[in-house]
There are 2 protein chains.
Amino acid sequence: MKETNQENELMICTKSDLSNKINKKWTMCIINILGVEEGKRFNEIKKDSMGNINSRTLSMRLKELQNEGIISREVKPKAPPEVRYILTEEGWALYEALQPLFNYLDKHNSNGSNQNN
Amino acid sequence: MKETNQENELMICTKSDLSNKINKKWTMCIINILGVEEGKRFNEIKKDSMGNINSRTLSMRLKELQNEGIISREVKPKAPPEVRYILTEEGWALYEALQPLFNYLDKHNSNGSNQNN
DNA sequence: CTGAATCCGCAACGATACTG
DNA sequence: CAGTATCGTTGCGGATTCAG
């Protein structure tokens with residue numbers, strides 16, 4: 001219910017808040033990629049994710065983000081079809097909201113970055 | 001490698017950045033709970049999570065956060081042992097970095113909050 | 001009370017191959 | 001290029017039990 005919490009504090013995140021919306025494995029990464037440079041294509045996003053995300057997962061995340069109104073899908077009907085993903089207005093708001101977090105992560109990953117998984 | 005990216009932009013999050021550090025199901029929720037009111041006990045955190053997190057997961061997340069230096073565990077050796085979890089300095093930095101995100105989520109969840117999962 | 005440990009089912013993720 | 005299909009693996013989540 002997310003009741004606005006009669007005790008003035010404890011604005012606790014429910015499952016739906018964090019888990020469903022952005023707390024999936026590549027969601028924030030994708031939003032970041034599309035925020036840094038808009039109009040990315042499917043395989044560009046893939047490449048920007050350090051090549052780690054696979055087609056299946058990327059496809060799923062993109063679809064979810066569309067349903068949530070975070071991104072929109074633009075298709076240019078050419079011979080080789082060209083699909084680009086861009087942030088919606090709400091998507092930009094989310095991207096902005098994520099900036100401090102990304103900054104934090106940048107700072108605290110100067111040391112060993114990727115050792116496991 | 002997280003190479004500081006010769007092309008001045010595209011500071012893309014690697015797996016280790018988001019996935020390992022905070023992008024696990026209850027991590028951000030726990031950080032939020034401990035940020036709103038420090039010195040929480042195990043079962044208090046559980047309750048604040050809307051009772052949805054279970055002991056096993058909470059235990060794992062708390063241990064991970066300790067290893068990452070986000071929280072510390074304070075034990076008061078009393079007859080009924082009292083254990084409290086508090087944010088470290090780094091934990092507070094992370095909590096602060098998460099505030100815009102929480103605000104965003106608050107705003108955009110005024111509508112249907114918890115239906116699934 | 002504060003956890004840790006075990007078992008198990010399920011959902012998410014990953015690798016690969018394949019289609020329009 | 002932009003995905004979809006299939007399948008294997010991993011990880012999470014719930015329930016329960018145990019220890020200090």
Side-chain angles (χ1 to χ4, degrees), chain A residues 13-30 33-34 39-68 71-86 114-117, chain B residues 13-30 33-34 38-67 71-86 114-117:
Chain A
C13 40
T14 65
K15 265 180 157 179
S16 357
D17 283 355
L18 285 177
S19 307
N20 294 348
K21 197 132 195 173
I22 57 161
N23 205 10
K24 288 192 167 178
K25 191 151 190 182
W26 289 99
T27 305
M28 288 196 287
C29 186
I30 293 169
I33 290 171
L34 291 181
K40 287 273 183 187
R41 308 178 65 170
F42 191 88
N43 284 325
E44 288 176 335
I45 300 174
K46 214 169 161 182
K47 205 175 301 169
D48 286 343
S49 78
M50 312 308 245
N52 283 324
I53 193 171
N54 69 40
S55 305
R56 187 180 108 86
T57 307
L58 177 53
S59 184
M60 288 168 55
R61 287 302 97 82
L62 288 173
K63 223 173 294 179
E64 291 163 6
L65 288 171
Q66 286 172 66
N67 291 336
E68 289 161 2
I71 66 176
S72 69
R73 190 185 123 116
E74 314 267 311
V75 187
K76 291 196 178 115
K78 309 160 87 173
E82 183 179 313
V83 183
R84 294 190 178 274
Y85 294 91
I86 63 173
N114 52 348
Q115 66 284 21
N116 56 356
N117 194 303
Chain B
C13 39
T14 65
K15 267 181 157 179
S16 358
D17 283 354
L18 285 177
S19 306
N20 294 348
K21 198 132 197 173
I22 57 161
N23 204 12
K24 288 191 167 179
K25 191 150 190 183
W26 290 98
T27 305
M28 288 197 287
C29 185
I30 294 169
I33 290 171
L34 292 181
E38 265 210 324
K40 287 274 183 188
R41 307 179 65 169
F42 191 89
N43 283 327
E44 289 176 335
I45 299 174
K46 214 169 162 181
K47 204 174 304 168
D48 287 343
S49 76
M50 312 306 247
N52 283 323
I53 193 172
N54 68 40
S55 305
R56 180 183 174 278
T57 307
L58 177 53
S59 186
M60 288 167 55
R61 288 300 99 83
L62 288 173
K63 219 175 296 177
E64 292 162 5
L65 288 171
Q66 286 172 64
N67 292 336
I71 66 176
S72 69
R73 192 183 122 117
E74 313 266 312
V75 187
K76 291 197 179 115
K78 307 161 88 173
E82 182 179 314
V83 183
R84 293 189 179 274
Y85 296 90
I86 63 172
N114 52 348
Q115 67 284 18
N116 58 357
N117 192 312

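Throughout, a chain's letter reflects where its sequence line sits, starting with A, and its residues are numbered from 1. Small disclaimer: the values here were computed from a predicted structure and weren't measured.
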Measure the distance from [atom1] on [X] to [atom2] on [N] and round it to the nearest whole Å.
X: Ile53(B); N: dA4(C); atom1: CD1; atom2: P; result: 13 Å
X: Lys24(A); N: dG14(C); atom1: NZ; atom2: P; result: 13 Å
X: Leu58(A); N: dC1(D); atom1: CG; atom2: P; result: 14 Å
X: Asn23(A); N: dG11(D); atom1: CG; atom2: P; result: 16 Å
X: Phe42(A); N: dA2(D); atom1: CZ; atom2: P; result: 8 Å
X: Asn54(A); N: dA17(C); atom1: CG; atom2: P; result: 13 Å
X: Lys40(A); N: dA2(D); atom1: NZ; atom2: C1'; result: 16 Å
X: Glu64(B); N: dG3(C); atom1: CD; atom2: P; result: 15 Å

Pairing of Arg61(A) and Glu64(A) as salt bridge, 4.0 angstrom limit: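 A salt bridge is present here (some side-chain N lies under 4.0 Å from a carboxylate O).
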
Under 4.0 Å between a side-chain N/O of [X] and OP1 or OP2 of [N], yes or no?
X: Arg41(B); N: dT2(C); answer: yes
X: Trp26(A); N: dG14(C); answer: yes
X: Lys25(A); N: dG14(C); answer: yes
X: Tyr85(B); N: dG3(C); answer: yes

Residue whose closest nucleotide on DNA chain C lies nearer the 5' end, Arg84(B) versus Thr57(A):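 Closest to the 5' end, via its nearest nucleotide, is Arg84(B).
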
Shortest non-hydrogen contact from Ile71(A) toward Leu34(A):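 Distance-wise, the nearest heavy atoms are CG2-CD1, 3.7 Å.
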
Measure from the side chain of [X], starting at C-beta and using heavy atoms only, and say which of [options] lies closest.
X: Arg56(B); options: dA15(D), dA2(D), dA15(C); answer: dA15(D)
X: Arg73(B); options: dC12(D), dC1(C), dG3(C); answer: dG3(C)
X: Arg61(B); options: dA2(D), dG3(C), dC12(D); answer: dC12(D)
X: Ser55(A); options: dA12(C), dC1(D), dT4(D); answer: dT4(D)

Sugar-phosphate only, base, or nothing, as touched by Lys63(B) at under 4.0 Å among non-hydrogen atoms: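 Counting heavy atoms under 4.0 Å across all strands, the contact made by Lys63(B) is with sugar-phosphate only.
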
Nearest-nucleotide comparison on DNA chain D, the residue closer to the 5′ end among Met60(A) and Met60(B):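 Final value for this comparison: Met60(A).
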
Spacing of CD belonging to Glu44(B) relative to CG belonging to Asp48(B), to within rounding of 0.5 Å: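 So the CD of Glu44(B) and the CG of Asp48(B) are separated by 7.0 Å.
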
From Ile53(A) atom CD1 to Leu58(A) atom CG, the distance as rounded to the nearest 0.5 Å: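 Reported to 0.5 Å precision, the distance equals 4.5 Å.
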
Arg56(A) backbone acceptor or donor facing Ser59(A) side chain under 3.5 Å: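 Not a single qualifying donor-acceptor pair exists.
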
